[in-house]
Asks: 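Okay, here's the structure, questions in a sec.
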Amino acid sequence: MEHNEKVIKYKDALLTSMDDALTRFPGTIIMGQGVDDHKGTFGSTTDLAKKHGAHRVFDIPLSEEGNTGIGIGAALNGVYPIQTHIRNDFSLLAMSQIVNTAAKYKYMYGGHFNVPMLIRMIIGRSWGQGAQHSQSLQSLFAHIPGLVVLMPSSADAVLESYNHAVEHYKGPVISIEHRLLYDYSFKSTYGEKDAAKHDPFSSRLVRKGDDVTIVATSIMVIEAQRVADYLAKELDIHCEIIDLHSISHFNKEMIVESVKKTGNLIIADTSWQAYGVCAEISRIICEHDPRMLKGPVVTLGMQPSPCPTTKKLEDLFYPDDYTFTMKIVEMVKGRGHGLSVAKTSLNETYKSFKGPF
Amino acid sequence: MEHNEKVIKYKDALLTSMDDALTRFPGTIIMGQGVDDHKGTFGSTTDLAKKHGAHRVFDIPLSEEGNTGIGIGAALNGVYPIQTHIRNDFSLLAMSQIVNTAAKYKYMYGGHFNVPMLIRMIIGRSWGQGAQHSQSLQSLFAHIPGLVVLMPSSADAVLESYNHAVEHYKGPVISIEHRLLYDYSFKSTYGEKDAAKHDPFSSRLVRKGDDVTIVATSIMVIEAQRVADYLAKELDIHCEIIDLHSISHFNKEMIVESVKKTGNLIIADTSWQAYGVCAEISRIICEHDPRMLKGPVVTLGMQPSPCPTTKKLEDLFYPDDYTFTMKIVEMVKGRGHGLSVAKTSLNETYKSFKGPF
Amino acid sequence: MDALYEKLFYQSLRIRLVEEKIAEIYPSDKIQSPVHLSIGQEALAAGICNNLLVTDMVYTSYRCHAYYLAKGGDLNEMFAELYGKVTGCGKGKAGSMHLASKKVNFMGSSAVVASTISNAVGSALASKILNKNQVSVAVFGDGASEEGSYHESLNFAAAFKLPVIFVCENNGLAIHSKLEQRHAFVVHEHAKGYGVKSVYIEEGYDFAKINQVMEGIVKEVREQSIPYVVEIKTYRYKEHVGIGDDHNVPYRSKDEFEQWKQKDPLIQDAALVAKFTDEINKEIEAAVKFAEESPVPADEELLADIY
Amino acid sequence: MDALYEKLFYQSLRIRLVEEKIAEIYPSDKIQSPVHLSIGQEALAAGICNNLLVTDMVYTSYRCHAYYLAKGGDLNEMFAELYGKVTGCGKGKAGSMHLASKKVNFMGSSAVVASTISNAVGSALASKILNKNQVSVAVFGDGASEEGSYHESLNFAAAFKLPVIFVCENNGLAIHSKLEQRHAFVVHEHAKGYGVKSVYIEEGYDFAKINQVMEGIVKEVREQSIPYVVEIKTYRYKEHVGIGDDHNVPYRSKDEFEQWKQKDPLIQDAALVAKFTDEINKEIEAAVKFAEESPVPADEELLADIY
Ligand SMILES: Cc1ncc(C[n+]2csc(CCOP(=O)(O)OP(=O)(O)O)c2C)c(N)n1
Ligand SMILES: Cc1ncc(C[n+]2csc(CCOP(=O)(O)OP(=O)(O)O)c2C)c(N)n1
Ligand SMILES: [Mg+2]
Ligand SMILES: [Mg+2]
């Protein structure tokens, strides 16, 4: 069997990284609502309490602010806590501990303390779950110095960066996991000797191309790849795709070099554009040299409204890959390009997802 | 006496707008820590409890999340609550109510409910107050659809927009007030018949010029004006200044038109650049047409660290107006301009501020 | 008394039949939003809301169908909402977790646990300031009482003497977690620490008893402007979210379920069930038809009603 | 027993003299950060910390000087920190509100009210998981107990049986707000609602009594791994923040102040004050000199120690 035939699901990568952390570091604990139940945080913590003990993988009360403060205090006393929020919306209740405490601990006390911990937050799409279960709040964290904010878009991205977080990094890491990635299968070379070497907390160049630069996060990386495949095959348009991966510590040079080459930039994020990743990447370009660009930057994200539940509006709320594709064609070929683009869409994936959860 | 000779302090404008709200609308209440004490929220609520009754202006427990939820419930039942956070850092404890509840109430329930309320949050500088009392968190709120986020930079900006909020607007308004503006005096034409008419929740063109566009928020508008005065007088460089005022609903056309004219853009905000106002304005330009710009955009904000307390580092942490000036000279005249710029600095104002508080 | 009993029975049964209808429709995917059913817990909504005036304010969690109905929310608008139609009580933007009806002061239901508790306290604050003679009610689960804002809400309501009733629907579970693992306090005892009066009702299936206890409490709260905590033991028949049964999963025991069913009037009193079912089902069928035939929101709705 | 009394007296007096020195220096603007003095409250820090091992962990609020010293924090590093010097315990980045000293497990002091309470609970969680035989202590004000995270912390500590002591320094004030206006509960009574043992000490000036009560509690907490709430009545002599007196302002009464002073050993026991003052002042002068002569941080420090 060739090594690149190894295939692994996102959720299994999560489970593996959790299991590894518990196995290799006796100080690791997983504390979160339902981490020890039969659903095991959508399969990412299943049976770990049984395997590693109920004192290391345990359920906690509904007390986000307190729990986060408790995680921090534990981290300061020799434990590596992994915390989970089954929706990142709930982490808003823990903002003070994350922003006022965890992010500042090392600096505020002159470098004498470290708060090593991992906070996993799940975002999603197409659950018909409405305004309070649909947000994608990465930029709120990435605005704050002191936090490493990740959005792993593949199984290997999970394995590389979570293992790095637990083993080597001494500060708080926020990781935003997309629920719809959980059941995706990815090729994996993690751990193999000729596997690609990434800075585990930085960006990845996932596809090379000369026509357009796509900077994407999380599941938008998958969409970008589908769109890029289509464009290359059908319309001879070649996209370069940068998976931002870390939205707090992304690779600026990689982005600048790519835009210098292509002159065209499209940014695709899971959240609102305003004050989000789309804004931040625009800033990087503007501060470097906006004249690298041949024309306007295109951004894709959620429409500027809370998320409605009804399918009709929800489909309008999120960008689809038809729009994604069309925007790129227009960017490269101009408005009156007259090319036709198939309507096959990743939306089918979204639609087929049901829940509960 | 000529009408434009009327001068009013920022804190008196605040006090007047609070008093007006209580006088004109019997449903208005002010609820906040210390609003009825002898310091009266730095002079902005002084004696209002005596004047309007302790049932309308009252102190509350230290319970930010609960208090905000209580304000929202009161707003839904006929009261107009004005809430205060003497440091915006504390509002992180209320993020879930602000973001998950207040911002979404109207939309989430199909437009049948309104949450009219004003949340005042104070930011600052130069207090030697360190990492947890120095943040400027406007972008966290402005990222969220449903919130109007203001940063009034003058007495009239306060009067216009607070009165509009209380009298006409039916949703939640977050206003970020800079503590060092409190004791500044401003010319005021508010309420006079030939006073300038602004959209109370939008941007203001506060100075016209052809060489550089400065987009600024809060106290950075004052700095921009000082810098622009100096540049016009000493170096014949003419700045156009846009006071963003509302960072959630700013005037995009005004910005685009100005940048089209000057080709040079500098953005000056009170917070970190990443994912902040500097990023958002960059996005607007990038999405419109980055080729309007003659060169890189310059941004000014806090250095990407938590705020240190020691003066030495604090002075490096915040931008000063010497840097501000030099950046503009370089932008207009090129790097090797050889011009000399005086080191007089607004920093003196910052340094002379002591506290306590 | 018999008339009252029948009225409460009817209310409870109506809620159950509505939710059973939802469970029936759900696999068809016409309802594309997560549903948290109150089957087994209907008696609380019926017994509590029977004592409220239309001007009284009710706030709940995502487990809201029962209170929406008991407070007088329109059934057509409820089904239309579940179907994502513009004729729904939230124009299709709300879905199952965010039912609300301004007309009957059913003020909102939230998917963020405990978040509406303080809203109800604020409602009571406004009542007091504006002299409205209203009672406000916060309904929440046992899990919600672990959130800090519950403490903040109790303290505020007690310090300001506000007319608000805190109703804890104690089903002993937060998703799959047992109360004992999460909770170091007893809700109705803990309230006394704030000087807040409280009561515990163990018979959460008994709408008549709940109604009777609540009658006195609502009167007291209204007349004296004081907060009150009401803890009611109850039992969730279905899984936490969704329409399935999950007694096969070891997190709870089938025995417990059987014991509750033994006491459940909606199961035991077959005669009354028979008496009312047809009438209720007719109403439900009409509401489903209304929902089916209603239009989805126009595209413009996406960006309407934000500011 | 006399030796013990003198030791505690010395500790308390040392704290007072250090803070009086700060007040003396403050107008010179050499200390450019807001100071929250514990003058009047010193006995708590002395009586509590006397029972802790160096391996025990202490967390406080911004009102932290007293505990920093009582836990064994270095005086030179403290003054250097107040002066914003790189030799400070926080390299000049911390200032008065964020003293910490890892060497003596004085783990942190926060300017966000109540935020360190849960950190101390987490510390105790780690002790238990890692079998460390430590006691963790959270020190906070009466105002802090109004924050939701206090409730969350009590519940967690009780549910998980963690060895943590919650010390409430009840000075009856949050800035200028009186306890009665904000608080519908009594801290040490309220704790019992969580099954947490508690004690109330009214004599917050009496370090000997505090020491003695704490001795038993620390032992019990350590041996049995249980949480404990200790509420101590105390009195803040100075304004909330800054170095001024503010008894002229009507928010509190001068009488109360006079009564406290009557009982304050650091005022009443002139002989012992005389006995120790010189020695302490010498230590303080040396620390001030150390601070004065230390360098400010290099520019590179601005962006160091963030990640
Ligand atoms: C703040 C917050 N934390 C976590 C969740 C996830 N969650 C949804 S329902 C639930 C259990 C709540 O239990 P309880 O309050 O007892 O209500 P019940 O479902 O039993 O009616 C949890 C943890 C949430 N929705 N909000
Ligand atoms: C979360 C938060 N809210 C408000 C403040 C503003 N504030 C600073 S100190 C204080 C009073 C705290 O009183 P208490 O806890 O009794 O402590 P004390 O100052 O009396 O020692 C307040 C309200 C803050 N720092 N943090
Ligand atoms: Mg429950
Ligand atoms: Mg106090």
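Note: hydrogens, waters and symmetry copies are ignored here, and every other heavy atom, side chains too, is used. Letters A, B, ... are given to chains in the order of the sequence lines, protein chains preceding strands, and every chain is numbered from 1.
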Asks: Heavy atoms only, distances under 4.5 angstrom: which of B:Ala142, B:Gly146, B:Ala94 has the most pairs with chain A? Name it, please.
Replies: B:Ala142
Asks: Can you tell which part of B:Glu287 gets under 4.5 Å to a heavy atom of chain A, answering side chain, backbone, both or neither?
Replies: both
Asks: Any chance you could measure A:Cys286, atom SG, to B:Ile284, atom CD1, to the nearest 0.5 Å?
Replies: 10.5 Å
Asks: With a 4.5 angstrom heavy-atom cut-off, which part of A:Leu137 approaches chain B: side chain, backbone, both or neither?
Replies: side chain
Asks: Run A:Met95 and B:Leu140 through side-chain contact (heavy atoms from CB on, under 4.5 Å) and show every step you take.
Replies: CA-CA 11 Å; A:Met95 280 299 266; B:Leu140 272 50; 4.0 Å; yes
Asks: Tell me, yes or no, whether the heavy-atom count around A:Lys261 atom NZ, taken from other residues, nucleotides or ligands under 6.0 Å, exceeds 12.
Replies: yes
Asks: For A:Gln135, is it the side chain, the backbone, both or neither that has a heavy atom under 4.5 Å from a heavy atom of chain B?
Replies: side chain
Asks: I'd like to know which of B:Ser305, B:Pro304, B:Pro145 tops the heavy-atom pair count under 4.5 Å against chain A.
Replies: B:Pro145
Asks: May I have the step-by-step check of side-chain contact (heavy atoms from CB on, under 4.5 Å) for B:Ser271 and A:His143, ending in yes or no?
Replies: CA-CA 9 Å; B:Ser271 188; A:His143 182 53; 3.1 Å; yes
Asks: Return yes if some donor-acceptor pair links the side-chain N/O of A:Arg283 with the main-chain N/O of B:Tyr275 below 3.5 Å, else return no.
Replies: no
Asks: If you tally heavy-atom pairs under 4.5 Å against chain B, which of A:Lys294, A:Gln303, A:Met302, A:Gln273 wins?
Replies: A:Gln273
Asks: Count the heavy-atom pairs under 4.5 Å between each of B:Ser248, B:Ser91, B:Gly276 and chain A, then report the option with the highest count.
Replies: B:Gly276
Asks: For the candidates B:Pro308, B:Gly130, B:Ala103, which exhibits the highest count of non-hydrogen atom pairs separated by less than 4.5 Å from chain A?
Replies: B:Pro308
Asks: Mind listing the closest non-hydrogen atom pair of A:Pro296 and B:Asp289 along with its distance?
Replies: CG-CA, 4.3 Å
Asks: Main chain of B:Asp89, side chain of A:Asn100: is a donor-acceptor contact present, judged purely on distance under 3.5 Å?
Replies: yes
Asks: Between CG of B:Leu92 and CG of A:Leu93, what distance do you get to the nearest 0.5 Å?
Replies: 12.0 Å
Asks: To the closest 0.5 Å, what do you measure between CD (A:Gln132) and NZ (B:Lys104)?
Replies: 7.5 Å
Asks: Does any backbone or side-chain atom of B:Ile281 lie under 4.5 Å from a heavy atom of chain A? Answer side chain, backbone, both or neither.
Replies: neither
Asks: Between the main-chain N or O of A:Ala279 and the side-chain N or O of B:Glu280, is there a donor-acceptor pair closer than 3.5 Å?
Replies: no
